[in-house]
Amino acid sequence: MLDKFYYLNNFGEKINFGMDGIYACYNDLRDYEWSYESSNNIITGFIRGIKTKKLPVIFLSGSGEKTRKLRNKAYEIAEKDILAGKKGKLYVNGYYMECWLYGAKNTKYLNSESYLKTEFSVVTDKSEWVKSTALPFEPITNVVGDADVDFDFDYPIDFQVQPVATNTLINPYAFPCQFILNIYGACENPTVEIGDYTYSFNCILSEGERLEVNSSTRKIYKYSANGNKENYFNCRNKQVSVFEPIPSGNKQIHWNNKFSFNLVIIQQRSEPEWSYTVASASDVTDIEVVNNKYYLLDANGEYIRDSANEPISVQTAGD
């Protein structure tokens, strides 16, 4: 089966790998290695640092014209981010890594205009894979029996119908997570308790205003109803850090039931989480031409097959 992922640039344009004439080969996107720092021959810490990776792909379609258009479009999508000086995002299994596609090595382009092997070069100074999930919390306005309300998010969360603002947050990951906390006005001196930790802020938010707290950047801003942005870093409770990551496991959330907020939990991993699907785990390293059809081959020279166990092929229409 074909490995499928995509690159999204800053202009909303996408390169799909593993479909529509662009086929992904085995690559090192999921490989990782921490760099380490030392002093007096003793390791003092670890950092991810700048990383480069290789992304081999095959461009293959039913005509030389279509293959040329695919390759030119892929180049333009990647090059726009280079010229803008802004990282794009490479998405694998629901996780993204901010990076640039900063180079390409093209081979076997003289064999056929319908077929081109390319190896993209990837570079990043933020080599973690990130997955964000937004969880909404609203004031409880009434009580209906003792029924529970379940919301279907990436995290199993039960909103228990109670006369007080208490909910259960489950962080199923093995490690604490960074977060973005959005608090919506109108409210005064909002406080949110997660487990035994308190996040409190000395400020007044009017209707339509929003306070955004980002634990990764350690910044706090207030956004007005018309979108104006104001630094509100000094409104934080200075007795304890309001940037403390969300711990792993089940935690109770409490607040005064007078405002709504959402909590964006940000998981950061050195490799994207592995999962098994029928569309995972195979490479394309070469092709075999039989009766004017291009068949995709893996590293062992075996046909790559679709979900019906048929060899994947492309019928050429001439170059």
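Because the structure is a prediction, the values reported are computed rather than measured.
Taking CG of Leu263 as the reference point, atom CD1 of Ile253 lies at 6.0 Å (rounded to 0.5 Å). Distance check, rounded to the nearest 0.5 Å: NZ of Lys229 to CG of Asn231 gives 9.0 Å. With rounding to the nearest 0.5 angstrom, the CH2 atom of Trp255 is 6.5 Å from the CZ atom of Phe137. Between the CD atom in Glu230 and the CG atom in Leu211 there is a gap of 10.5 Å [rounded to 0.5 Å]. Rounding to the nearest 0.5 Å places OG of Ser61 at 10.5 Å from CD of Glu113. For the atom pair CD (Glu212) and CG (Leu181), the distance works out to 9.5 Å, reported to the nearest 0.5 Å.
Checked by atom type and distance alone, the side chain of Asn262 never pairs as donor or acceptor with a backbone atom of Ala134 at under 3.5 Å. Between the side chain of Arg71 and the backbone N or O of Arg68 there is no donor-acceptor pair closer than 3.5 Å. A donor-acceptor pair under 3.5 Å is formed between the side chain of Asn257 and the backbone N or O of Ile140. For the pair Ser206 (side chain) and Glu209 (backbone), a donor-acceptor distance under 3.5 Å is absent. For Thr133 (side chain) and Ile265 (main-chain N/O), no donor-acceptor pair under 3.5 Å exists by modelled atom type. Judged purely by atom type and a 3.5 angstrom limit, Thr191 has no side-chain atom pairing as donor or acceptor with the backbone of Ser200. At distances below 3.5 Å, not a single donor-acceptor pair connects side-chain atoms of Asn202 with backbone N or O atoms of Asn189.
Applying the ring-ring contact (aromatic ring centres under 6.0 Å, His included) rule to Phe120 yields no partners; only residues at least two apart in sequence or on another chain are considered. Checked against ring-ring contact (aromatic ring centres under 6.0 Å, His included), Tyr184 has no partners two or more places apart in sequence or in another chain. Looking at residues two or more places apart in sequence or on another chain, you find a side-chain contact (heavy atoms from CB on, under 4.5 Å) between Lys89 and Tyr91, Tyr96, Glu98. Partners of Lys73 by salt bridge (Lys or Arg N to Asp or Glu O under 4.0 Å), not counting sequence neighbours, listed by chain and number: Glu13. For Asn10, the side-chain contact (heavy atoms from CB on, under 4.5 Å) test picks out Asp81, Lys86, with sequence neighbours left out. Scanning for ring-ring contact (aromatic ring centres under 6.0 Å, His included) contacts around Tyr102 gives an empty result, with sequence neighbours left out. Under the salt bridge (Lys or Arg N to Asp or Glu O under 4.0 Å) criterion, Lys219 pairs with no residue, sequence neighbours left out. Taking Tyr199 as the reference, Phe179, Tyr197 meet the ring-ring contact (aromatic ring centres under 6.0 Å, His included) condition, with sequence neighbours excluded.
Shown are Gln268, Gln267, Arg269; of these, the side chain to side chain donor-acceptor pair (under 3.5 Å) with Tyr95 is made only by Gln267. Applying side-chain contact (heavy atoms from CB on, under 4.5 Å) to Phe261 and the options Asn182, Val192, Val213, Leu135 leaves one that passes, Val192. Each of Leu55, Ile58, Leu29 was checked for a side-chain contact (heavy atoms from CB on, under 4.5 Å) with Phe17, and the lone residue meeting it is Leu55.
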Practice task
Could you give me the CA-CA distance, side-chain angles and deciding distance for Ile15 and Leu101, then say whether side-chain contact (heavy atoms from CB on, under 4.5 Å) is met?
Solution key: CA-CA 11 Å; Ile15 306 175; Leu101 302 185; 4.2 Å; yes

Handout entry: Ile50 and Val123: CA distance, side-chain angles, deciding distance, side-chain contact (heavy atoms from CB on, under 4.5 Å) verdict
Key = CA-CA 7 Å; Ile50 296 175; Val123 67; 4.0 Å; yes

Exercise for the section: Carefully, step by step, assess Ser114 and Thr67 under the rule side chain to side chain donor-acceptor pair (under 3.5 Å). Expected result: CA-CA 5 Å; Ser114 300; Thr67 296; 5.0 Å; no

Exercise for the section: Check the pair Ile266 / Cys177 against side-chain contact (heavy atoms from CB on, under 4.5 Å), numbers first and verdict last. Expected result: CA-CA 6 Å; Ile266 304 172; Cys177 289; 5.7 Å; no

Problem - Pair Phe201-Lys222, side-chain contact (heavy atoms from CB on, under 4.5 Å): steps then yes or no - result: CA-CA 12 Å; Phe201 308 91; Lys222 185 188 80 169; over 6 Å; no

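Heavy-atom minimum distance, Val57 versus Ala24: CG1-CA, 4.2 Å. Between Ser215 and Gln178, the shortest heavy-atom contact is OG-OE1, 2.6 Å. In plain terms, the two heavy atoms of Glu188 and Ile204 that are nearest each other are CG-CG1, 3.8 Å. Closest of all the heavy-atom pairs between Ser216 and Asn214 is N-OD1, 2.9 Å. Nearest heavy atoms, Lys251 versus Gly195: CB-N, 4.0 Å. In this structure, Thr124 and Cys99 approach most closely via the heavy-atom pair CB-CB, 3.9 Å.
Residues Pro272 and Arg30 form a side-chain contact, since some pair of their non-hydrogen atoms from C-beta on lies under 4.5 Å apart.
For residues 202-231, there are no ring-ring contact (aromatic ring centres under 6.0 Å, His included) pairs, not counting sequence neighbours.
In the hydrophobic clustering, Phe11 connects to no other residue, as no ILVMFWY side-chain heavy atoms lie under 4.5 Å from its own.
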Can you give the donor-acceptor pairs under 3.5 Å from side chains of residues 238-247 to other protein atoms, not counting sequence neighbours?
from	atom 1	to	atom 2	distance (Å)
Lys238	NZ	Asn234	O	2.8
Ser241	OG	Phe243	N	3.1

In residues 31-46, what donor-acceptor pairs under 3.5 Å come from side-chain atoms, sequence neighbours left out?
from	atom 1	to	atom 2	distance (Å)
Trp34	NE1	Ser270	OG	3.3
Ser35	OG	Lys51	NZ	3.4
Thr44	OG1	Glu37	O	3.3

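Judged by distance alone, the side chains of Lys54 and Ser121 do bring a donor and an acceptor atom under 3.5 Å apart.
One hydrophobic cluster, built from ILVMFWY side chains closer than 4.5 Å, cannot hold both Tyr6 and Ile82; they sit in different ones.
Ion pairing of Lys80 with Glu76 is absent here, as no side-chain N (NZ or NE/NH1/NH2) approaches a carboxylate O to less than 4.0 Å.
Environment of CG in Asn72: crowded, with over 12 heavy atoms of neighbouring residues, nucleotides or ligands closer than 6.0 Å.
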